[in-house]
Amino acid sequence: MSNTTYDRASEIKAFDETKAGVKGLIDAGISQVPRFFIHPIETISTSTNHQFQIPVIDMKDIDTKRKETVEKVREASETFGFFQVANHSVPKEVMDKMLDGIKSFMEDEVEGKKEYYTRDPNKKVLYNSNFDLYTSPAANWRDTLLFHIAPEPPEAEQLPSVCREIVFEYSFHMQKLGEVLFELLSEALGLKPDHLKEMECSKGIALACHYYPPCPEPHLTLGTSKHSDPGFLTILMQDKSIGGLQVLYQNQWIDVPPSPGCFVINIADLLQLMSNDKLKSVEHRVLANIEGPRLSVACFFYTRFGSSSRPYGPIKELVTDGRAPIYKQVFLDEFAKHYKSKGLDGKSALDHFKI
């Protein structure tokens with residue numbers, strides 16, 4: 001198809017107006033990926049390094065082996081920017097019910113989902129496909145149901161009935177696990193355990209529930225393009241069987257296969273900024289797959305713009321002894337607006353805030 005006959009903007013608008021997402025394309029029986037989903041071949045390169053693995057940290061003995069656990073968290077956060085946690089006290093049935101609830105919503109009839117389909121950033125419950133659909137160089141092969149849970153939760157009736165109860169229950173467990181992780185990270189930075197909590201890093205929670213339908217031409221597109229996360233910390237629950245998550249380490253991709261019962265934890269941009277580059281917010285992506293659907297639930301610790309007026313910059317205890325701050329102070333709404341405007345373009349949002 002020549003460029004003169006291809007109207008990308010119209011095709012994207014037509015797709016968006018179906019309110020059926022990528023799942024709608026599969027339900028319609030397509031055998032080829034629409035052109036606006038096709039990524040440049042160099043961004044899909046699948047050369048992976050199987051030599052490295054993301055560390056798994058056992059939290060079972062966190063009280064008796066505190067120092068050892070903190071050291072493992074520090075090492076993983078300074079190198080990979082990612083680690084997995086096992087024996088984290090979140091019940092398996094809660095994890096399973098959360099994935100089941102999201103699957104039930106995503107596989108409901110289109111008419112049942114349409115009322116939640118929106119691009120209004122002020123809504124606390126949003127369902128759509130690609131938050132940056134109109135600005136990104138290429139769309140990603142996924143649909144998302146997003147909940148802004150804390151500090152100002154939505155009313156129960158604003159949530160779809162199929163996942164209403166479990167979303168609140170799961171969020172409760174995420175808040176508790178997040179507070180433990182922020183304590184460990186505070187200690188890993190040489191600070192008192194409640195330092196990051198006092199800076200309100202665990203105050204805000206958003207759940208991004210991703211649904212990656214099977215893709216007829218997975219070599220042409222991505223489930224999620226290369227990016228780093230915008231908040232303080234992310235707790236990810238992966239699908240039980242279908243992989244695809246990859247982390248960039250030393251300019252090579254490392255697979256993070258599903259590990260039953262584990263959560264994947266990653267440092268996000270604002271925590272790298274606050275740690276003055278001591279902790280790493282690392283780029284990652286999700287491959288498209290001919291198998292599916294793949295589901296994941298990402299819990300972002302990130303206060304929505306408007307909910308906080310405090311500025312964030314390198315923590316003063318970390319810029320002593322002649323170490324100069326790398327970043328200027330930034331307000332959360334300023335950071336969020338920059339991240340959203342640039343979309344998932346493969347570039348770090350942090351560069352914009354360097355001194």
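Heavy atoms only: backbone and side chains are in, while hydrogens, waters and symmetry mates are out.
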Audit row: K124, E152, side chain to side chain contact (heavy atoms under 4.5 Å, CB included) steps and yes/no: CA-CA 9 Å; K124 291 182 179 178; E152 297 154 8; 3.6 Å; yes
So, the side chain of [X] versus the backbone of [Y]: is there a donor-acceptor pair under 3.5 Å, distance only?
X	Y	result
S202	E179	no
E217	V33	yes
D229	N266	no
H39	A139	yes
D255	P257	no
H219	A288	no
K280	D277	yes

Is [X] salt-bridged to [Y], going by a charged N under 4.0 Å from an acidic O?
X	Y	value
K354	D351	yes
E111	K114	yes
E71	K67	no
K192	E317	no
K72	D58	no
E200	K203	yes

Does [atom1] in [X] sit with more than 12 non-hydrogen atoms of other residues, nucleotides or ligands closer than 6.0 Å?
X	atom1	result
Q32	CD	no
K65	NZ	no
Q53	CD	no
E75	CD	no

Does some side-chain heavy atom of [Y] sit less than 4.5 Å from a side-chain heavy atom of [X]?
X	Y	value
T18	V110	no
L207	C299	yes
S129	D143	yes
E183	R66	yes
M59	S89	no
L332	Y312	yes
P154	L159	yes
M106	P213	no

If Ile, Leu, Val, Met, Phe, Trp and Tyr residues are connected whenever their side-chain heavy atoms lie under 4.5 Å apart, and connections chain through other members, are [X] and [Y] in the same group?
X	Y	value
Y127	M98	yes
L350	V282	no
V73	I62	yes
F168	V125	yes
W253	F52	no

Taking the six-membered ring for Trp, are [X] and [Y] parallel (under 30°), tilted (30 to 60°) or perpendicular (over 60°)?
X	Y	result
H284	H227	tilted
F36	F15	tilted
Y249	F80	tilted

Approximate separation, where rounding is to 0.5 Å, of [X] [atom1] and [Y] [atom2]:
X	Y	atom1	atom2	answer
R285	Q246	CZ	CD	4.5 Å
T144	I102	OG1	CD1	10.5 Å
L25	D27	CG	CG	9.0 Å
S77	I265	OG	CD1	9.5 Å
N130	W141	CG	CH2	10.5 Å
L233	L196	CG	CG	9.5 Å

Is it the case that S296 and D239 place a side-chain donor and acceptor less than 3.5 Å from each other?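 No donor-acceptor contact under 3.5 Å links the two side chains.
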Restricting to non-hydrogen atoms, name the atom on [X] and the atom on [Y] that form the minimum distance, rounded to 0.1 Å.
X	Y	result
L318	S275	CD1-CA, 3.7 Å
P325	P314	CB-CG, 3.9 Å
A76	F83	CB-CB, 3.8 Å
Q272	Y327	NE2-OH, 3.4 Å
K13	Y134	CA-OH, 3.7 Å
Q84	V256	NE2-CG1, 4.1 Å

Given R294, R142, E107, the one that forms side-chain hydrogen bond (donor to acceptor under 3.5 Å, both in side chains) with Y211: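 Filter result, single survivor: E107.
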Pair I205-F147, side chain to side chain contact (heavy atoms under 4.5 Å, CB included): steps then yes or no: CA-CA 9 Å; I205 285 182; F147 304 98; over 6 Å; no
In a check of side chain to side chain contact (heavy atoms under 4.5 Å, CB included) between L273 and each of I315, V330, L279, which one passes?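 The side chain to side chain contact (heavy atoms under 4.5 Å, CB included) with L273 is passed solely by V330 among I315, V330, L279.
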Side chain to side chain contact (heavy atoms under 4.5 Å, CB included), paired with Y212, selected from V22, L287, T224: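 Exactly one option meets the side chain to side chain contact (heavy atoms under 4.5 Å, CB included) with Y212, and it is T224.
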Worked check of side chain to side chain contact (heavy atoms under 4.5 Å, CB included) between F301 and I235: CA-CA 8 Å; F301 285 86; I235 302 176; 3.6 Å; yes
Pair Y339-D269, side chain to side chain contact (heavy atoms under 4.5 Å, CB included): steps then yes or no: CA-CA 10 Å; Y339 190 95; D269 287 352; 4.1 Å; yes
